[in-house]
**Q** 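I'd like to ask some things about the structure below.
Just so you know, these numbers come straight off a predicted model, no measurement behind them. Chain naming here is simple, since letters A, B, ... match the order of the sequence lines and numbering starts at 1 in each. Values reported hereafter were calculated over all heavy atoms of this structure, with side chains retained and with hydrogens, waters and symmetry mates removed.
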Amino acid sequence: MYQLVSEVGPDTVAVTGLDAAGSPLGLPRTLTLREFRIFVVDSEPAGPRWVWEDTARIYPKLLRHEIRVQRCHDLRLCHVILRNSALTAHSDIGRGAPGPFDEVLSLDRPEGTGPALFELMDVGTSDAAASTGLLDEFLLQLRAVSGSEQPGRIRLLLAAESAGALIAAEMTHAGLPWRSDIHHDLLTRELGARVAPGTRPERLEGLASRVRLELGDALLNPDSSTELLRALQRAGLAVTSTRAWALKDLSHPVIEPLLLYKKLSRLLTANGWTWMEAWTSAGRFRPEYLPGGVVTGRWAARGGGALQLPKQIRGAVVADPGWKLVVADAAQLEPRILAALSADLSMAAAGRGTDLYAGIVASGVVETRDHAKVAMLGAMYGATTGESGRLLPRLAAAYPRAIALTETAARAGERGESVTTRLGRSSPPPSAAWHATQAKAYDSGATAGDESRARSQARDWGRFTRNFVVQGSAAEWALCWMAEIRRELQTLHAVRDGFATAPHLVFFLHDEVIVHTPEGLADRVESIIVEAAATAGRLLFGDFPVDFMLTTATVDNYAAAK
DNA sequence: TGTGAACGCGCG
DNA sequence: AAAGCGCGCGTTCACA
């Protein structure tokens, strides 16, 4: 049922079989990684769940030893969920004093460095003690789940979160196919020939000179927002910021070269040659993903800006010869999630078999797709002004259940309460400073300033909780989608096949995945991805009739996907 | 010389 | 004045 794995040395693990209740079936066995590899291959047909402290810490090492597992339970990630979830608030984990699992150790330490959690547990460092520390935590987690009001949901969430951790490590291991030669050519074409770091390539320097000339300031550093703002104001432009959107509609000869300078300067500093050498090697981009890195349950990434990969350079993501990239993104994911969360049949119907925003237009709610989109985003983000604010009443009239859900979440946040996603991830409580500001507004001596500060801060938190429910539930859908894709991809090839021969996930961006696959399997991969979206919808929302539509493309390079 | 805030911009 | 959510990262700039 379960196999509890603890690291007891650089190349050894202790493994203990557990029954469904978490009771040990024997004593821990200490195995070298070579032995463990054989053990895993022999055990996998029985479908065990491998329980360990921290996937980000142990699994990269296993992958380097060609060890892959189907399922795991990540104690670190699951602890965070159970500790905060309203569904397990009455469990020992929910109520207990902070322990070693409340430290966010692995977020700050690269893989394989620093002590394992059990070493901080003050239980001794023998193999048995290491296993005992993890087992105690696992038992607490099992009890928290079984004692929850919604054990099915929280159990699915823990499984999905853990699957995500496996996928993240596997994606880093496999890497995103990257053609440095194409990247280099693109940089050279856009910026000019490569020059030493700290200096500007020819084309960029030319643009900087034009900006200086048009603003009559020969010493201006266009990278300094302070200097730039003063120079723009001296030139007679009524601006208070140098952001591109604030400049784009102004009529002045400096604007065109300045906006181009900003665009290219960003390319150079964020994804130029320095980035290429730091983050790509041997034809792969290997970012480090951080599952659970965002409070809502979205992933974050560290180094290389994996989740900000600009469209500008996606042409460098190219399938290997004889392979294809299957790119899929969930169309209008968050509004569909909102429709299902709120059981709003009208909104679900608007998205059935079609672009959801187009469906809103077809229902006569608003006139254009752009209006439908800006109104929906405004409803989910809490916009009150501008076009979005003006359109909101029409949306509320057409989709009262959906809009009521967002409003209810916002009001809860304004009162300082937490909100919970579909599967049971709860928002963090506001800080002590937040409560202090609220309390101050109710003091007898409160000033108008105290009151408006408190109101504004309450609304800020309301916008956060309003969005938390939708963004967090969408993240859960995406994790289930990806876990299903991963599981089904493995039916396409023998279990022993590695990343060099079998289709595998190589990229994930909130509501979008890329699978790298041998050309001949691309059609079947695409079907798997589409079917997995429907499965994820059923896992979260049962029979509620909401479509999760995808845009899919089988391409040679990522830029061709959109 | 190091540190952290502010700014700006990339992604969803 | 405030102003729609969530992130990471590079640069500048003020300050210890």
**Q** Quick one: A/Lys248 NZ to B/dG8 P, roughly how many Å, whole number?
**A**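 About 16 Å, once rounded to whole Å.
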
**Q** Given C/dG6, B/dG8, C/dC9, identify the nucleotide with an atom nearest to the side chain of A/Thr242.
**A**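 For A/Thr242, the side-chain atoms sit closest to B/dG8.
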
**Q** Would you mind telling me which of B/dC9, C/dC9, B/dG12 lies closest to the side-chain atoms of A/Arg243?
**A**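 In terms of side-chain proximity for A/Arg243, the closest of B/dC9, C/dC9, B/dG12 is B/dC9.
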
**Q** For the residue pair A/His510 and A/Phe508, categorise the inter-ring angle as parallel (less than 30°), tilted (30 to 60°) or perpendicular (more than 60°).
**A**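 Rings of A/His510 and A/Phe508: perpendicular, over 60°.
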
**Q** Measure CD/A/Glu414 against P/C/dG4 and give the value in whole Å, please.
**A**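 From A/Glu414 CD to C/dG4 P: 13 Å.
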
**Q** Of all the choices, B/dC11, C/dG4, C/dA3, which nucleotide is nearest to the side chain of A/Gln308 once you look at every atom?
**A**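 Selected nucleotide (nearest to the side chain): B/dC11.
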
**Q** At under 4.0 Å between heavy atoms, what does A/Ala301 touch on the DNA or RNA strands: base, sugar-phosphate, or nothing?
**A**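 The answer is sugar-phosphate, as A/Ala301 gets under 4.0 Å only of primed atoms, P, OP1 or OP2.
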
**Q** Under a 3.5 Å limit for both distances, which nucleotide forms a Watson-Crick or G-U wobble pair with C/dG8, could you say?
**A**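 Pairing partner, where one exists within any strand: B/dC9.
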
**Q** Identify whether the distance between the nearest side-chain nitrogen and carboxylate oxygen of A/Lys440 and A/Glu451 falls below 4.0 Å.
**A**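 Judged by the 4.0 Å cut-off on N to carboxylate O distance, A/Lys440 and A/Glu451 do not form a salt bridge.
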
**Q** Counting side-chain heavy atoms from C-beta on, which of B/dC11, C/dT11, B/dC9 comes nearest to A/Lys311?
**A**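 My answer, after comparing the listed nucleotides, is B/dC11.
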
**Q** Picking from C/dG10, B/dG8, C/dG6, which would you name as closest to the side chain of A/Gln471?
**A**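 Between C/dG10, B/dG8, C/dG6, the one nearest the side chain of A/Gln471 would be C/dG6.
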
**Q** Can you find a heavy atom in the side chain of A/Phe548 that is under 4.5 Å from one in the side chain of A/Gln332?
**A**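 Contact flag for A/Phe548/A/Gln332 side chains = no.
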
**Q** Should the pair A/Arg298-A/Glu334 be classified as a salt bridge under the 4.0 Å nitrogen-to-oxygen rule?
**A**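 A salt bridge links A/Arg298 with A/Glu334.
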
**Q** Any side-chain N or O of A/Ser224 below 4.0 angstrom from OP1/OP2 of C/dT11?
**A**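 Indeed not, no polar side-chain atom of A/Ser224 lies that close.
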
**Q** Can you tell me the distance, in whole Å, between the CG atom of A/Leu268 and the P atom of C/dC9?
**A**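 Interatomic distance, CG of A/Leu268 to P of C/dC9: 18 Å.
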
**Q** What does A/Val374 touch in the nucleic acid at a heavy-atom separation under 4.0 angstrom: a base, only the sugar-phosphate, or nothing?
**A**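 Here A/Val374 touches the bases of the nucleic acid.
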
**Q** A/Leu392 CG to C/dA3 C1': how many Å, rounded?
**A**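 Nearest whole value for this atom pair: 16 Å.
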
**Q** Is a donor-acceptor contact shorter than 3.5 angstrom present between the side chain of A/Arg466 and the base of C/dG4?
**A**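 Not at all, since no donor on one side and acceptor on the other fall under 3.5 Å apart.
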
**Q** Quick one: A/Tyr261 OH to C/dT11 P, roughly how many Å, whole number?
**A**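 So the OH-P distance, A/Tyr261 to C/dT11, works out to 10 Å.
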
**Q** Determine whether any donor atom in the side chain of A/Arg266 lies under 3.5 Å from an acceptor atom in the base of B/dC9, or the reverse, and answer yes or no.
**A**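 Result: at least one qualifying N/O pair found.
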
**Q** For the P atoms, the ones on B/dG4 and on C/dG4, what distance do you get once it is rounded to whole angstrom?
**A**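 Rounded to whole Å, the distance is 32 Å.
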
**Q** May I ask you to say what A/Val295 touches in the nucleic acid, namely base, sugar-phosphate or nothing, with a heavy-atom cut-off under 4.0 Å?
**A**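 Sugar-phosphate only.
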
**Q** Quick check for you: among B/dG10, C/dT11, C/dC13, whose closest atom lies nearest to any side-chain atom of A/Asp223?
**A**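 Between B/dG10, C/dT11, C/dC13, the one nearest the side chain of A/Asp223 would be C/dT11.
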
**Q** Touch check for A/Ala300, heavy atoms < 4.0 angstrom, all strands: base, sugar-phosphate only, or nothing?
**A**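 Sugar-phosphate: the residue A/Ala300, judged by heavy atoms under 4.0 Å, touches backbone atoms but no base.
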
**Q** Would you classify A/Arg314 as touching base, sugar-phosphate or nothing, given that sugar-phosphate means primed atoms plus P, OP1 and OP2, and contacts are heavy atoms under 4.0 Å?
**A**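 Result for A/Arg314 = sugar-phosphate.
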
**Q** Is the shortest distance from a Lys or Arg side-chain nitrogen in A/Glu407 or A/Arg466 to a carboxylate oxygen in the other one below 4.0 Å?
**A**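 Here A/Glu407 pairs with A/Arg466 in a salt bridge, since their nearest N and O are under 4.0 Å apart.
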
**Q** Rounded to whole angstrom units, what separation is found between the CH2 atom of A/Trp299 and the P atom of C/dG8?
**A**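 The answer, rounded to whole Å, is 15 Å.
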
**Q** Less than 4.0 angstrom between a side-chain N/O of A/Lys262 and OP1 or OP2 of B/dG10, yes or no?
**A**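 A/Lys262 to B/dG10 OP1/OP2: no side-chain N or O under 4.0 Å.
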
**Q** Establish, with yes or no, whether the OP1 or OP2 oxygen of C/dT12 is under 4.0 angstrom from a side-chain nitrogen or oxygen of A/Asn221.
**A**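 A/Asn221 to C/dT12 OP1/OP2: side-chain N or O found under 4.0 Å.
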
**Q** Ring centres under 6.0 Å, that's the criterion: do A/Phe285 and A/Trp275 meet it?
**A**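 Judged by ring-centre distance (under 6.0 Å), A/Phe285 and A/Trp275 do meet the cut-off.
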
**Q** Suppose you measure atom P in B/dC7 against the same atom in C/dA3; what distance do you get, rounded to whole Å?
**A**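 Comparing P positions in B/dC7 and C/dA3 gives a spacing of 16 Å.
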
**Q** Is A/Thr385 near enough to C/dG4 that one of its side-chain N or O atoms lies under 4.0 angstrom from OP1 or OP2?
**A**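 Yes, A/Thr385 has a side-chain N/O under 4.0 Å of OP1/OP2 on C/dG4.
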
**Q** Starting at atom CZ of A/Arg298, determine the distance to atom P of C/dG6, rounded to an integer number of angstrom.
**A**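 Result: 10 Å.
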
**Q** Is the phosphate of C/dC7 approached by A/Thr296 (side-chain N or O, under 4.0 Å from OP1 or OP2)?
**A**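 For C/dC7, OP1/OP2 do not have a side-chain N/O of A/Thr296 under 4.0 Å.
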
**Q** Choosing from C/dT11, C/dC13, C/dG6, which nucleotide comes nearest the side chain of A/Thr269?
**A**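 Taking heavy atoms from C-beta onward, the closest nucleotide is C/dT11.
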
**Q** Given A/Ser426 and A/Thr420, is the side-chain hydrogen bond (donor to acceptor under 3.5 Å, both in side chains) satisfied, shown in steps?
**A** CA-CA 4 Å; A/Ser426 295; A/Thr420 299; 2.8 Å; yes

**Q** Reckon A/Ser456 has a side-chain N or O less than 4.0 Å from the OP1 or OP2 of C/dA2?
**A**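 Negative; the distance criterion is not met.
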
**Q** Tell me whether the OP1 or OP2 atom of C/dC5 has a side-chain N or O from A/Arg463 closer than 4.0 Å.
**A**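 A/Arg463 to C/dC5 OP1/OP2: side-chain N or O found under 4.0 Å.
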
**Q** Give the rounded distance in Å between these two atoms: CD1 of A/Ile313 and P of B/dC11.
**A**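 Rounding to the nearest Å, CD1 of A/Ile313 and P of B/dC11 are 10 Å apart.
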
**Q** Could you tell me whether A/Asp223 and A/Arg200 have a side-chain N and a carboxylate O separated by less than 4.0 Å?
**A**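 Yes.
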
**Q** Choose from C/dG4, C/dG6, B/dC7 the nucleotide whose nearest atom is closest to any side-chain atom of A/Phe464.
**A**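 Between C/dG4, C/dG6, B/dC7, the one nearest the side chain of A/Phe464 would be C/dG6.
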
**Q** Tell me what A/Leu333 touches on the nucleic acid: a base, only sugar-phosphate, or nothing, going by heavy atoms under 4.0 Å.
**A**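 The residue A/Leu333 makes no contact with any strand.
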
**Q** Once you apply a heavy-atom cut-off of 4.0 Å, does A/Ala244 come out as touching a base, just sugar-phosphate, or nothing?
**A**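 Counting heavy atoms under 4.0 Å across all strands, the contact made by A/Ala244 is with sugar-phosphate only.
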
